[in-house]
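To start, the structure under review is shown below, and the notes come after it.
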2 protein chains.
Amino acid sequence: MANTLRAIPLSTVERLSIYLRTLRESLVEGMDFISSTEIGKRNDFTAAQVRKDLSCFGNFGIKGTGYQISELINTLETILGLDREWKVAIFGLGKLGGALACYKGLKSARFNVVAIFDVDPKKVDKTYKNIPVYHSDMLKKVVREKKIQIAIIAVPTDSAKATIQRIIDAGIKGILNFTEARVPYPDEYILKNVNLAGELESISYYLIHSDL
Amino acid sequence: MANTLRAIPLSTVERLSIYLRTLRESLVEGMDFISSTEIGKRNDFTAAQVRKDLSCFGNFGIKGTGYQISELINTLETILGLDREWKVAIFGLGKLGGALACYKGLKSARFNVVAIFDVDPKKVDKTYKNIPVYHSDMLKKVVREKKIQIAIIAVPTDSAKATIQRIIDAGIKGILNFTEARVPYPDEYILKNVNLAGELESISYYLIHSDL
DNA sequence: TTTTAATTGTGAATTCTATCACAATCTATT
DNA sequence: AATAGATTGTGATAGAATTCACAATTAAAA
Ligand SMILES: NC(=O)c1ccc[n+]([C@@H]2O[C@H](COP(=O)([O-])OP(=O)(O)OC[C@H]3O[C@@H](n4cnc5c(N)ncnc54)[C@H](O)[C@@H]3O)[C@@H](O)[C@H]2O)c1
Ligand SMILES: NC(=O)c1ccc[n+]([C@@H]2O[C@H](COP(=O)([O-])OP(=O)(O)OC[C@H]3O[C@@H](n4cnc5c(N)ncnc54)[C@H](O)[C@@H]3O)[C@@H](O)[C@H]2O)c1
């Protein structure tokens, strides 16, 4: 057990985030222990799924009792890498980039936005919500100096491919892309695409194909 | 073949959206036909995957030649339900709700934002980007009158559970939720959660667990 | 101390998903 | 008209993910 190096499926990792949220919620409710059944019930997973996911990383539960909540929170935070501060940059200070820069959920999860990049002369060389805004030309220099590790892409789709390529070249290994552009990337990089239109399109599909 | 009623996996439906984007892109590039290999290459799927996904809905290709692009675009739009206008409401005109209301990708995909709901007296009973902003108390009445079919949730997480419950009660069957709240919902409803913090947390996980 | 009830961790079974591999078929060329 | 080259559609196969089911263990009650 507890071989965190062997490839864990993305779906498992994504569920760990969900379990973590549930654990924090139940801690706030004043609970001390929680069972796999209860974690599952709150998220619509089976209890076996919850246990199997956790067992990829170790034996954290107590038979007959369940999981000690605050302890499992710490464990999951460590597994997910939330026991350190991540330095994040946002690319594109438009509607979406601005919203993301304000998003409380980031900082509280140790994702610290330390730089914003844009090309609009009206926006660069100022600060936005106390975060410095740089011209994209400064990318490599700022990334090196600030040790930025994660990039969030919110530039117009047209400029996304070039932007992402430059981010890869600068050595930022974690990228979250909100644009429509799809860019090939090296194996040791992580690039996740958030496809809002796609989400709505699958809702549309199921709305018309569920026999109401 | 072509049994659109038998349950199609979500993963297939989500890929259809991706194929559709690729088809539109290749049409703009001036292509007439495209092979499953090429669709796959542009998105990092195998050719067999592309063909099998499409074959769930019918035989659209020409052997030796590939798929006629404009025809397949129409077909996929019909399958996904993009051959009609969807009436969408956004709940919460904050940073994120405001960004979504401006998002071009929605309207171009036939998702028409016809109402915004908020509770802030400074925001309600005005318009935002020509979209009327209503007080949330008006939910049931406005939903009925405007025949709203899809809801996007961008209210603070604290008010999300109650908001979603009221949306379900009002009979809106398709819901896209951007908050942390997780709410049980009836079978014939579609509720998709977009979990931004979770996306970053899985990036964090893979950054520390890939043996660099 | 013994019994009862709860719950974990996990190998085995099952279900779901993706890939392989090839006959069938189409176009273009000779 | 025959041949070569490309590509589809799909049954069979392989692989991945989920669920089942139960021995093992713990806490609490009798
Ligand atoms: N608005 C939304 O809610 C939403 C939702 C999902 C996805 N998206 C996608 O996110 C992206 C941004 O959307 P938006 O609505 O914020 O657009 P926007 O036009 O409001 O903002 C784009 C910003 O990027 C800047 N920019 C342009 N080129 C740049 C470059 N090369 N480097 C750095 N910055 C650059 C612009 O100056 C502008 O400030 C788009 O690709 C869009 O499809 C938006
Ligand atoms: N900002 C982001 O980039 C971002 C990203 C991902 C998820 N989220 C989530 O989206 C939600 C909104 O985030 P935000 O940054 O836009 O917050 P915000 O505070 O800017 O906006 C919230 C809006 O909702 C309104 N509101 C409050 N109660 C309401 C109710 N009962 N009905 C209707 N409207 C109500 C408020 O008046 C405000 O206008 C939060 O749950 C947040 O976690 C935000």
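Within every chain, numbering begins at 1; the chains are lettered A, B, ... in the order of the sequence lines, protein sequences first and strands thereafter.
The CZ-P distance, from A:F57 to C:dT10, rounds to 14 Å in whole Å. Atom CD in B:E14 sits roughly 12 Å away from atom P in C:dT17 (whole-Å rounding). Computed from coordinates, the B:R15 CZ to C:dT19 P distance equals 8 Å when rounded to whole Å. D:dG9 atom P lies 11 Å from atom CD1 of B:I39, rounded to whole Å. Between the CG atom of B:L54 and the C1' atom of D:dT8 there is a distance of 11 Å, given to the nearest Å. Straight-line distance from the CZ atom of B:F60 to the P atom of D:dT8: 14 Å, rounded to whole Å. If you take CD1 of A:I8 and P of D:dA17, they are 10 Å apart, rounded to a whole angstrom. The CG atom of B:D32 sits 17 Å away from the C1' atom of D:dT7 (whole-angstrom rounding).
Looking at B:F57 and B:T75, their side chains never come closer than 4.5 Å, going by heavy atoms from C-beta outward.
The phosphate of D:dT25 (OP1 or OP2) has no side-chain N or O of A:N59 nearer than 4.0 angstrom. One finds a side-chain N or O of A:Y67 lying less than 4.0 angstrom from the OP1 or OP2 phosphate oxygen of C:dG9.
Checked for salt-bridge contact, B:E77 and B:R24 meet the test: a charged N lies under 4.0 Å from a carboxylate O. The pair A:E25-B:R182 does not meet the salt-bridge criterion, since no charged nitrogen lies less than 4.0 angstrom from a carboxylate oxygen.
Taking the six-membered ring where tryptophan is involved, the planes of B:Y19 and B:F45 are perpendicular, since the angle between them exceeds 60° and thus also 30°. In this structure, B:F117 and B:F91 have parallel ring planes: the angle between them is below the 30° cut-off, well short of the 60° mark.
Residues of residues 44-53 of chain B having a heavy atom closer than 4.0 Å to DNA chain C, listed by number: B:T46, B:A48, B:Q49, B:R51, B:K52.
B:S17 and A:N195 share no donor-acceptor pair across their side chains, judged by distance under 3.5 Å alone. A donor-acceptor contact closer than 3.5 angstrom is absent between the side chains of B:K192 and A:Y206. When only modelled atom types and interatomic distance are considered, A:S36 and A:R51 share a side-chain donor-acceptor pair under 3.5 Å. Side chains of B:Q165 and B:D169: a donor on one and an acceptor on the other come within 3.5 Å.
Looking at heavy-atom distances under 4.0 Å, B:T12 makes no contact with the nucleic acid at all.
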Counting primed atoms, P, OP1 and OP2 as sugar-phosphate and everything else as base, the B/S/- map of nucleotides 23-30 of chain C against protein heavy atoms under 4.0 Å is -BBBS---
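Residues A:P9 and B:G66 each lie close to DNA chain D; by heavy-atom proximity, the contact nearer the 5' end of the strand is made by B:G66. With DNA chain D read from its 5' end, the first of the two nearest nucleotides for B:I34 and A:L10 is the one closest to B:I34.
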